[in-house]
Peer 1: 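Take this structure, written in structure tokens, and hold onto it; I'll ask about it next.
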Amino acid sequence: MKKFATLLAALSLAASAHAAPIALGTQEIQFNGGIDVDSVAGTAIEFSAGYGYFVADYVQVGGLFGFSNDDILSTFAVGGFAEYNIETETAVMPFVGTQLRLIYADVDTAFGSESETAGALGLYVGLKFFVTEDLALTMRALVETATEDIYPEEDGEVNNVDIGLDFGLRYFF
């Protein structure tokens with residue numbers, strides 16, 4: 001019940017906030033992460049951070065760093081992204097983007113352990129929910145394909161395509 005009340009309070013604040021126009025020269029710091037203490041692969045921890053700069057109104061480029069760890073997969077990644085934000089003059093701002101990352105993955109499967117370094121190209125679409133003019137909660141759907149098989153599946157196999165949904169926090173200055 002407490003989680004529901006907190007979510008309701010955050011959404012009510014977001015409904016009253018309006019997104020400020022994201023103009024040339026604006027900078028952004030972003031954080032995404034999560035922990036699942038009871039995943040299929042044991043306790044799963046994931047964290048990523050990024051820095052972006054708006055090179056034109058609503059157009060952003062930047063860098064990314066991330067890591068994840070569970071009983072099957074440990075990864076470290078660095079890369080860059082480009083993103084376009086769509087102005088709606090409300091507290092909700094849709095965005096689309098692409099990211100290119102270099103990923104080092106240590107994968108433990110039923111067949112043994114392997115280390116791979118892969119390039120990964122991702123395409124994503126999402127929404128920013130502005131809580132204030134400078135702070136937004138984000139949700140995005142991401143499809144990423146890698147040059148090597150680095151994404152484990154529930155059946156113990158590993159493939160080169162990953163589809164996911166993530167949540168984050170972005171601060172603009």
Side-chain angles (χ1 to χ4, degrees), residues 1-37 39 43-70 73-105 119-146 151 162-173:
M1 185 67 179
K2 289 181 184 180
K3 290 180 184 179
F4 179 73
T6 303
L7 178 63
L8 188 60
L11 289 177
S12 67
L13 287 173
S16 64
H18 290 282
I22 302 177
L24 168 69
T26 302
Q27 299 174 62
E28 175 188 274
I29 296 175
Q30 56 180 265
F31 300 101
N32 295 307
I35 185 167
D36 184 352
V37 296
S39 77
T43 300
I45 298 170
E46 182 175 350
F47 176 78
S48 65
Y51 168 81
Y53 182 82
F54 284 83
V55 295
D57 291 353
Y58 305 106
V59 179
Q60 178 182 201
V61 296
L64 300 167
F65 166 79
F67 74 90
S68 66
N69 186 36
D70 61 32
L73 177 68
S74 296
T75 67
F76 293 95
V78 295
F81 69 95
E83 186 174 284
Y84 179 73
N85 296 268
I86 302 163
E87 176 60 61
T88 61
E89 297 184 13
T90 68
V92 178
M93 182 177 286
F95 61 93
V96 296
T98 185
Q99 65 186 32
L100 184 61
R101 302 187 304 156
L102 182 63
I103 302 171
Y104 170 78
L121 175 65
L123 301 173
Y124 58 88
V125 60
L127 294 171
K128 294 178 183 173
F129 302 95
F130 280 83
V131 178
T132 69
E133 286 188 4
D134 299 331
L135 185 67
L137 303 172
T138 61
M139 176 180 65
R140 72 177 183 159
L142 169 70
V143 176
E144 189 170 55
T145 183
Y151 303 114
D162 191 31
I163 300 171
L165 184 65
D166 65 25
F167 299 91
L169 184 67
R170 297 193 183 189
Y171 178 72
F172 302 87
F173 58 97

Peer 1: Heavy atoms, side chains only, cut-off 4.5 Å: are Phe54 and Asn85 in contact?
Peer 2: yes
Peer 1: If every non-hydrogen atom of Ala120 is compared with every non-hydrogen atom of Ile103, which pair is closest and at what distance?
Peer 2: CB-CD1, 3.6 Å
Peer 1: Within the distance-only criterion (no hydrogens, no angle test), does the side chain of Asp57 pair as donor or acceptor with the backbone N or O of Leu24 below 3.5 angstrom?
Peer 2: yes
Peer 1: So, Glu87 versus Tyr58: side-chain donor-acceptor pair below 3.5 Å or not?
Peer 2: yes
Peer 1: May I ask you to decide whether Glu83 forms a salt bridge with Arg140, counting only side-chain N to carboxylate O separations under 4.0 Å?
Peer 2: no
Peer 1: If every non-hydrogen atom of Gly52 is compared with every non-hydrogen atom of Gln60, which pair is closest and at what distance?
Peer 2: CA-OE1, 3.3 Å
Peer 1: With rounding to the nearest 0.5 Å, note down the distance linking CG in Leu123 to CG in Leu142.
Peer 2: 8.0 Å
Peer 1: If you take all heavy atoms of Tyr124 and Ala82, which pair is closest and at what distance?
Peer 2: OH-O, 3.8 Å
Peer 1: Measure the NZ-CG distance between Lys128 and Leu137 for me, rounded to the nearest 0.5 Å.
Peer 2: 12.0 Å
Peer 1: What's the spacing between Ser68 OG and Phe47 CZ if we round to 0.5 Å?
Peer 2: 12.5 Å
Peer 1: Counting the benzene-type ring for Trp, do Phe129 and Phe167 have ring centres under 6.0 Å apart?
Peer 2: no
Peer 1: How close do Met139 and Phe95 get, counting heavy atoms only, and between which atoms?
Peer 2: O-CZ, 4.2 Å
Peer 1: Is the shortest heavy-atom distance from the side chain of Ile22 to the side chain of Met93 under 4.5 Å?
Peer 2: yes
Peer 1: How far does OG1 of Thr132 sit from OH of Tyr171, to the nearest 0.5 angstrom?
Peer 2: 8.0 Å
Peer 1: Testing the basics here: between Val96 and Val125, what is the closest heavy-atom pair and its distance to 0.1 Å?
Peer 2: CG1-CG2, 3.9 Å
Peer 1: If I take atom OG from residue Ser48 and atom CD from residue Gln99, how far apart are they, to the nearest 0.5 angstrom?
Peer 2: 8.0 Å
Peer 1: Does the Thr98 side chain pair with the main chain of Gly122, one donor and one acceptor, at a distance under 3.5 Å?
Peer 2: yes
Peer 1: If you define the side chain from C-beta out and look only at heavy atoms, does anything of Glu46 sit under 4.5 Å from Thr75?
Peer 2: no
Peer 1: Looking at every non-hydrogen atom in both residues, tell me the closest pair between Gly80 and Leu64 and how far apart they are.
Peer 2: O-CD1, 4.2 Å
Peer 1: Working to the nearest 0.5 Å, report the span between CD1 of Ile86 and CG of Leu127.
Peer 2: 9.5 Å
Peer 1: Look at the aromatic rings of Phe173 and Tyr51 and report parallel, tilted or perpendicular, splitting at 30° and 60°.
Peer 2: tilted
